[in-house]
> 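Take this structure, written in C-alpha cells, and hold onto it; I'll ask about it next.
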Amino acid sequence: MPSSSPRYPLELLAPAGDSDALDAALAAGADAVYFGVGILNARRRARNLRTEDLAAAVRRVHDHGARAYLTLNTDITERELGQAARLLELARQAGVDAVLVRDPALLAWPGLFPNLSFHLSTQGCATNAADVAAARRLGLSRVVLARELSLPEIAAAAGVPGIETELFVQGALCYGVSGRCLLSSWGGGRSGNRGLCASPCRVPWRVGEHGPGQVLSMRDLSAVDRLEELSRAGVTAIKIEGRMKNAAWVAAAVRLYRQALDGAAAGDLHAAAADLGAYTGRRLTSAYLDGQRDHLTGTAGREDTATAADEATTPENDDANETTNADEADDGAGGDTNAETMRTYALAIAAGADGIRCRCTCEGQVRDWVLPRTQVRRAGTGVAAAEVLRELAAADLQGFRLAAESSSAEAEMVLAPRTVRGIRDQLSAFLHQRRRQASQRPRLDLPEAVRAALVRAAPDASNTRMLGERPDRVRLSASALPAFARAVPAVTLVVEGAAAADLDAWLAAVPAARLVVALPAVIFPDRLGLAEALLQRAAAAGLRLEVNSLGMADRARAAGASWEAGPGLAVLNSLAARALRDWGAAAVCLSVEADRQQLEEVSRACPAPAVLQVYGRPPLLVTRVEVPRACLGEVFADRRGIRLVPRQEDGLAVYRPQEPCSLMHLRNPGIRVAHLAADLVGAPDPVAEWHSLGQPRAERAFTFNYDRRLT
Ligand code: SF4
C-alpha cells in the first residue's frame, strides 16, 4: 500500500498489460494503473483486459484506494468510431477514472461521459506549455508530457494552471517523438499511431558505408533518482512504461518507485533500477532531463541479452507498439455488429503431414481445419499462400478484417484453386458463426448525447477533386520557395521552415493567396518563441497558416488567424475533421498513412475541405536526438531495404525516405478532396521533380499503405 506521507507526493502510475500485472501493481503500492481494453490502444500486442473483466478490474483498483486509467490513444478509423464511443460508455459505467486519448474526434468528447476525465496521451505530442494550455481549453484534465523534455522545460509545461501533468520515468524510449513516427507504418503498414509499431528503429542500420549498428535504438529511461527534481518541477504523476512486461517486473518497478517516493537512498535505488533494466538489456539514462541529446543510442548502450531480431518484433515502448491480440479483438461494448464496428480475425496456413492446416482465431475462439493437399494441375492456376492472405486482407469477410499477425509458415507454398476455395468457405462459415453469436450479446445503449455526437455531418461541398487529378498544391521547404515560385506558377505553395523575417520578401514575390505558412509539427520549448513570432507575423499579413500541433491551433484561434490543420493533426475519421473544423480549421489533412478503404470512407463523410498528399517523402522520424553532423544527408539503410535520409529541419533531425511514395498514377472517384498535394520537401530538385510528376514511370511507384492495409 502507498505510504500515507511520501516524501515526494507524486502519483505513481503503473502499467497493467493484463490482470496479473494489475494485481501486482496494486499489491506493490501503485496509486493508479493504466490499461487497454481490446484493440483501440497504443499497446495492442499486450494481452490487455477484456471488456467483460473491466468492471471487476476497476472495482479491485478502487478497493485498493487507487485510480484506473483506460488507454484509448490510437488514431481511430471511420469504422471504429462507434466502437470507441461504446468503450468510453462502458468505461464510464465501470467507474474508470480517466481515459487517455489522442484522436481529435475523442479530444472533442470530454463532457459527453460524466465522471470520466480525459487525459492527453503522450501520443498527443505535448512538447510545450502551449500544447498543455490547449489541452486544458479542450476540457482535458491532464497531459502526458513528451519524454524528450529537460527539467526546466517540464517545469514550464507543468506550470500551466488548471491542468495536471504526467511524465514517464522508467522504461523504453522512442527514437522519434511519440505520435509523429511513421517508420513502422512505412515499412509494412504496422503503425505506431495505431498501436502496432514493429520497432524498426531497434534493428541494425547501415549509415552510408558504415555499420550496420543499432544507431537508432535508444537506451531505456530511468529517473528513479530524480524524483525530488520532478516534484519541484511540479508534475502531478510519474509513470512507469511496460504494458508488455510481466507482473513480476511491474511489481518490482512499483516497489522501487514507492521506495524512491518515500525517500530511499540513491545507492539502493540504482542497484534495483539496474535489475529492472536487465529486462531489456539496454543501459539506462535520464539524460533528456539534463538537456543532453547525444550518446543516447547505439550498440554501446546495449548489453547482449536480446537480439536485434527480437526487437524488430518485440517492441517495448508504451505508446508505440505492435500486433493485434486476436483474443481481445472484441469491439468491447455490447456486440453491435454494425459497420462502425470492425472486428478482426487471424489466420495461419501451414503444410502438415495430413494436408494444408489452417487455424483461424477470432474473439478468443479458435477453429482448426485441414484441407487435402490438392495438386496444381494447370500451370499458372496455383496461388501462393502469401497471396491468399493478401487477397483476404484486401476485403473484409463477414464484417471481419484479417489481423496483422496472420501468417503462412511457407509463404511460397502454392495452393490449388480448390484448396483456396476451401480455405475461404471454412473461414466464412466460422466468421459468420462468430458474428451471429456476437449479435446475440446484450447491447450497450449509448446516451442520447453520445449518439448525437456520432451522427455524421454532410460532406463539405468543396471536396470534388478526384484522386488521379493533377495536384494543385506543393509542399516546399523555405529555401526552395523563391526558385520554385518563379518556375511553377498557379499552384498553392505550403512552405515549411519559414522564419517571421522571411515573410516580407516572399510577399513581394508571391501573391499572398498562393502561400500557406506551415508551422512545425513538433515544437520544443527552445523553438516556441520562433513559432509564435511566425504565427503572429503571418496572421498580421493575412497569410493562411497550416497548423500542426494543438498548441499552435489554440494560438492561431486566439490570434484570429486563418488556419488549416496539417499532417501533424492528420485525420483518419470524419468526426476528427469535424472537431478540427469546429475549432476553427478551414481545412483538414487526411492521414498519409491511410489505406484505400480508409481514404474512401473518411473522404466520403468529411465535413471540412480535405487535403490529400498524393506524392512525397513524408517525415518518418522526427527526433530530438542529436544526429552527428557527418550523418546528416547520409543514407540509413536496414536489411529490408528501407532507406532514410536525415536532415535538419526546424531545429530537429527529420528522417525522410530516400525515394518518394506516389498515388499520382491512381484514379479513384471514391476519393474526393478539396486539394491534392505533392510534398517536395526532401526532393533533391523540387522544380525538376514537379515537372517529372506528370510523366509515365517505368517502375511502379510505392503507394505507402494505399494498396496494402494500415493495421
Ligand atoms: S514508434 Fe517508437 S519504437 Fe516505433 S519505430 Fe518509431 S521510434 Fe521506434
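Just the heavy atoms: all of them, side chains too, but no hydrogens, waters or symmetry mates, feed the values below. When a ligand or atom number is given, it counts from 1 through the structure's own listing order.
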> For Pro200, take its heavy atoms, then give the atoms of ligand 1 lying under 4.0 Å from any of them.
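Atoms satisfying the 4.0 Å criterion: 5 (S).
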> Classify the side-chain pair Glu496/Ser477 by whether it contains a donor and acceptor separated by less than 3.5 Å.
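Their side chains do not contain a donor-acceptor pair, so the 3.5 Å distance test is not met.
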> With heavy atoms of Gly176 as the reference, note each atom of ligand 1 found under 4.0 Å away.
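Counting atoms of ligand 1 from 1, those under 4.0 Å from Gly176 are 7 (S).
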> Relative to the heavy atoms of Cys197, which atoms of ligand 1 are at a distance of less than 4.0 Å?
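Every atom of ligand 1 under 4.0 Å from some heavy atom of Cys197: 1 (S), 3 (S), 4 (Fe), 5 (S).
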> Are a donor atom and an acceptor atom from the side chains of Ser286 and Arg226 found within less than 3.5 Å of each other?
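Yes, Arg226 and Ser286 have a side-chain donor paired with an acceptor closer than 3.5 Å.
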> To the nearest 0.5 angstrom, please state how far the OH atom of Tyr34 sits from the CG atom of Asn41.
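If we round to the nearest 0.5 Å, Tyr34:OH and Asn41:CG are 11.0 Å apart.
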> List every atom of ligand 1 that sits less than 4.0 Å from any heavy atom of Tyr175, numbering the atoms from 1 in the order shown and giving each element.
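Checking each atom against Tyr175, I get 7 (S).
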> Where do Asn48 and Gly38 come nearest, in terms of heavy atoms and distance?
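Smallest interatomic distance, heavy atoms only, reads ND2-O, 3.3 Å.
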> Below 4.0 Å from ligand 1: does a non-hydrogen atom of Cys201 turn up there or not?
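Yes.
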> A cation-pi test, strictly: NZ or CZ of Arg643 under 6.0 Å from the centre of the six-membered ring of Phe636 and no more than 45 degrees from its axis. Yes or no?
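No, Arg643 does not sit over the ring of Phe636.
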> Near atom 4 (Fe) of ligand 1, is there an N/O/S atom from Cys181 that is less than 2.8 Å away?
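Looking at Cys181, which is the residue asked about, there is no N, O or S atom under 2.8 Å from atom 4 (Fe) of ligand 1.
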